[in-house]
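Take a look at the structure set out below.
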Number of protein chains: 4
Amino acid sequence: MGTGKQQRRGDTRQRIQDVALELFAEQGYEKTSLREIAERLEVTKAALYYHFKTKEDILTSIFDDMTRPIDELIEWGKEQPRTLDTKRAILTRYSEILTNAAPLFRFMQENQATMRDLKTGESFKDRMLALLDILRDDDPATPMTAQVRCFSALFTMHGGMFVLKDADGDPEEKRKAILEVAIELVTQAHHGA
Amino acid sequence: MGTGKQQRRGDTRQRIQDVALELFAEQGYEKTSLREIAERLEVTKAALYYHFKTKEDILTSIFDDMTRPIDELIEWGKEQPRTLDTKRAILTRYSEILTNAAPLFRFMQENQATMRDLKTGESFKDRMLALLDILRDDDPATPMTAQVRCFSALFTMHGGMFVLKDADGDPEEKRKAILEVAIELVTQAHHGA
Amino acid sequence: MGTGKQQRRGDTRQRIQDVALELFAEQGYEKTSLREIAERLEVTKAALYYHFKTKEDILTSIFDDMTRPIDELIEWGKEQPRTLDTKRAILTRYSEILTNAAPLFRFMQENQATMRDLKTGESFKDRMLALLDILRDDDPATPMTAQVRCFSALFTMHGGMFVLKDADGDPEEKRKAILEVAIELVTQAHHGA
Amino acid sequence: MGTGKQQRRGDTRQRIQDVALELFAEQGYEKTSLREIAERLEVTKAALYYHFKTKEDILTSIFDDMTRPIDELIEWGKEQPRTLDTKRAILTRYSEILTNAAPLFRFMQENQATMRDLKTGESFKDRMLALLDILRDDDPATPMTAQVRCFSALFTMHGGMFVLKDADGDPEEKRKAILEVAIELVTQAHHGA
DNA sequence: TATGAATGAGAGTTCATTCAT
DNA sequence: CATGAATGAACTCTCATTCAT
C-alpha cells in the first residue's frame, strides 16, 4: 500500500542489518552471501559496501547495537553486593535481554565456530565470563560443582531459547520455567552446593 | 625411518577422517577446505575423492563411526524401566561417550548452523530428542520446569566440555562435577519438580 | 587556527591536482583510486566530479598546466638556427623544467604503459619527438650513432632525476653533472659522431 | 592444421607465461586482467590458479626464468679484473640479453611504478645496481660525471630498445649503434671523465 | 560548491568437484 | 590407489561514475 521505495530512504543501513541478521541466523554466517542480502533488499552488493566496510563489519555493527544492554547489566552487577538477590536480578534481566534479541542469540549459539575468530566473538566471550564472575563467588573454597551450576544456568538460558522453540506450550510460560531452573541452579551454588 | 609412507598404506581413509575432524573442530566445517585437508595429509584433493564421495560425506562418515555408541545407549535405555537408576546410568554412560569423542562434540557444539542442513545433523538431533524422551516422563502432568531440567542436564554436559577446557583444575574432576550436576537436575525432574 | 577549511575555499581544484599528482607519482595511476584522493583531501568522491569530468581528466589537467613550458621551449627552439649553442640552450632549459616539475616527470617515467593509451600520453610523446628533431640534424647522412646519442641525452636527463635521488651528493651538483653529460652527447652528435 | 588441444597438454604453464607477458607488455600489468589471459588461452581463470598462486606469481615466474642470464653475467663480471675490456664485454653481453628478452624489458621499462612494489621489482633493481657497481670504479675520487655516464649507458640500452622500435633502419644496425654509444660512455667514465 | 546514496562492471581469488590416466 | 589438470560457480571486495538534493 504505497510503502515502496519512498519510505526506504535513510533507513537502508538499518534494513541491511535486519535482513543480514535474519539470514545469518537462518543459514549461518559463512553460508550467507552478500549477494543474497542485497537481493532480498533489492539493492546491489555495492550498496552494502557503501554502508559497511566488510561483511564482518555488518555483523559487528549488529552486535554493537545489541550487546549494549548486556554491558549495562554487567556494570550494574559489578556495583551490587554479591547477594542472592543480586544474582536473581541478573538472571531475570538477562532473560529479558535474551528474549528481546532472540535472533542474535540464536545466531551466536549456532555459529560459535565463526564467532571464535571474529573480534566481536572474542569480546562477547569476555562478557559471558564477566557475567559468570558475578554469579559465582570468588571464594577459593567454592566447590567445582558450584561453578558448574553457574555456567549451567547461563547455558540453560541460552539453549532454552531455541530448543523450546519447537516444543509446545506458551512461549512466555516456557521462558519463566527456564528462568526458574536457572535461578535455582545459581541459588544452590550460592549456598555452596 | 620406516614410519613414513610405508606404514600409511591402507589407512588413508582413517587418516583423512582424523585430519578432517581435527580441522573441522578447529576452524569450522565451512572454513575448512578440502585443499587444506589434502595438504596436511600430503596427498592431492583428488585422492580424497577416491575415498569419499563428497565433502559432506567425510563428515558423515565420521559421525557414523562415532555415534554408534549413542545409538546403542538409546536402544538400551528404551528397554529399561523408567527408573531414576536408569536415568542416572544414561547420563553416566553419555558422559563417557562425550569424553571419548570430545573433538566431535566440540565440533557439533560450535557448528550447529552447519549441522542443521546436513542430513547427519538432522539425525543427530533425533538422537538427542530420543535421549530426552528417556530422561523425562511422558506424563502430561509433568511440569514444564521438569522438562527444562532435563534438557538443561544434556546441555550442561555438552557445554561443559569446552567451557571448562579453559578453566583450571583436573579434567577428570571437572567431568565428575558436571555429571553430578546433570544427575541432580534429572533427579529433581524425576521427582516432579 | 584559521588555516582550516576557511582558507581552502576556491582552491579546491588546485588541491585536487596537487594531491592527485602526489599519489599518482607515489603509487602509480591505476593503483591510485579516487577514494584515496578524496579521503586525503577530506572531501567526497563526488566533489572530485564537480571539478573534473573523469579520473583521466584530473591527470590531463595536471599535464596541461605543466607542459606549457615545454611547448614554449619547442616553439622557441624551432625558430632558432640549428647551432650547437641552440641545442645546449635547449638542454639547459629542459633540465630546469624537469627539476621544477620533478614529480610529474617521475610519474611519466614510471607509468609509461598508462601514458601510452591516454590522449595526453600521445601528445607528450609528440613533444619528445619534437625536441629530438631539434637536437638531431635532419641530414640523411647523419650516422645512426648520432641519433642514438640524442635520445640518450634526453633519456639520461629523464632517468637521472630519480636514479640519482637515492645516490649521495648534493642534488644541484648531480643535476649539473647530468646536464654536462647530456650536452656532451649532443655535442658529439652535432659533430657527426 | 591439426595443432589443436592435442599439442597443448603439458605446456599450459609455459603458454600462460607467454600470453601473460605478451599482454602485460602490451597493456600494462594492472590493466591486464586474468580473464583476458584466460580467454586468449581458451581456458578458465581457475586454470591459471592451478598453475600459479596469484597474478603476481605469474609475473614473478616469468622474471625468474629470464633474469638468470643477468645473474650469471653479474657473477662473471664480479670475478673479472675491472679493466675496460671487462666493461665492454659486460655491455656487449647485456645487449644480447636485452635483445633476447625484449618484451620483458619493454614491460619493465613501461611499468616501473608497478615493479616498485613487487618483490621481483626490488630484486631487479638490485641487479641493476650490481651491474652499475661493476661498470663504475669505486675510487672516491671518481667524478660525478663518470657515474652519470655509467647509468646513462645502461639507460640508453634499456630505452633504446623500444624507442628505436618505431624508427626506421635495420634493427641489428640500431642495436649496434646503441651498444657503441654505451661503450663509449663507459670508456670515458673509465678514463676518469 | 558540494554530499549522500547508489550502481554496474569487473577485479582477483577460492571452492567442491570431475575425469582421463 | 592416486595424481595432474581443469572447470563452473560463487565469493568478497573495489572501482569509476551518476544524480537528486
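Throughout, protein chains are lettered first and strands after them, A, B, ... in sequence-line order, and every chain is numbered starting at 1.
When rounded to the nearest whole Å, the span between CD1 of I37(D) and C1' of dG12(E) equals 11 Å. Between the CZ atom of F24(D) and the C1' atom of dG12(E) there is a distance of 12 Å, given to the nearest Å. Straight-line distance from the CG atom of D57(A) to the P atom of dT12(F): 14 Å, rounded to whole Å. For the pair K53(C) NZ and dT17(F) P, the computed distance is 11 Å after rounding to whole Å. For the pair R13(A) CZ and dA5(E) P, the interatomic distance rounds to 11 Å; values are reported in whole Å. Rounded to whole angstrom, the span from the CD atom of E30(C) across to the P atom of dG10(E) amounts to 16 Å. Counting to the nearest Å, the P atom of dA2(E) and the CG atom of L41(C) are 11 Å from each other. When rounded to the nearest whole Å, the span between CG of L34(B) and C1' of dT3(F) equals 16 Å.
A donor-acceptor pair under 3.5 Å is absent between the side-chain atoms of R40(C) and the main chain of A20(C), judged by distance alone. Side-chain atoms of Q112(B) come within 3.5 Å of backbone N or O of Q109(B) as a donor-acceptor pair. Of the possible donor and acceptor atoms, one in the side chain of K55(D) sits under 3.5 Å from a partner among the backbone N and O of Y29(D).
Each of Y29(A) and K55(C) was assigned the nucleotide of DNA chain F with the nearest heavy atom; the assignment lying further toward the 5' end belongs to Y29(A). Where K31(C) and E36(A) meet DNA chain F, the nucleotide closest to each residue was compared, and E36(A) sits on the side nearer the 5' end. If you find the closest nucleotide of DNA chain E to K45(B) and to V43(A), the one lying nearer the 5' end belongs to V43(A).
Within 6.0 Å of NZ in K31(D) there are more than 12 heavy atoms belonging to other residues, nucleotides or ligands.
Between dA5(E) and T12(A), no contact under 4.0 Å exists linking OP1 or OP2 to a side-chain N or O. Contact between the side-chain N/O atoms of R35(C) and the OP1/OP2 oxygens of dC15(F) is found at a separation under 4.0 Å. Between Y50(D) and dA5(F) there is a side-chain N or O to OP1 or OP2 distance below 4.0 Å. Between H51(D) and dG4(F) there is no side-chain N or O to OP1 or OP2 distance below 4.0 Å. Side-chain N/O atoms of S33(B) include one lying less than 4.0 angstrom from OP1 or OP2 on dC15(E). In this model, the phosphate group of dT14(F) is not approached by any side-chain N or O of Y49(A) to a distance below 4.0 Å at OP1 or OP2.
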Pairing string, 5' to 3', for DNA chain E - Watson-Crick or wobble contacts under 3.5 Å, brackets [ ] where pairs cross, | to another strand: .||||||||||||||||||||
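The pair E39(D)-R35(D) counts as a salt bridge, with a side-chain nitrogen and a carboxylate oxygen less than 4.0 angstrom apart.
Distance check, rounded to the nearest 0.5 Å: CG of D65(C) to CD of Q14(C) gives 7.0 Å.
Of the listed nucleotides (dT3(E), dC15(F), dT17(E)), dT3(E) has the atom at the smallest distance from the side chain of A47(C). Among the nucleotides dT13(E), dT7(E), dT7(F), the one closest to the side chain of T54(D) is dT13(E).
Ring geometry, F124(D) versus H158(D): the interplanar angle falls from 30° to 60°, so the pair is classed tilted.
The side-chain heavy atoms of L59(C) and F107(C), taken from C-beta on, include a pair separated by under 4.5 Å.
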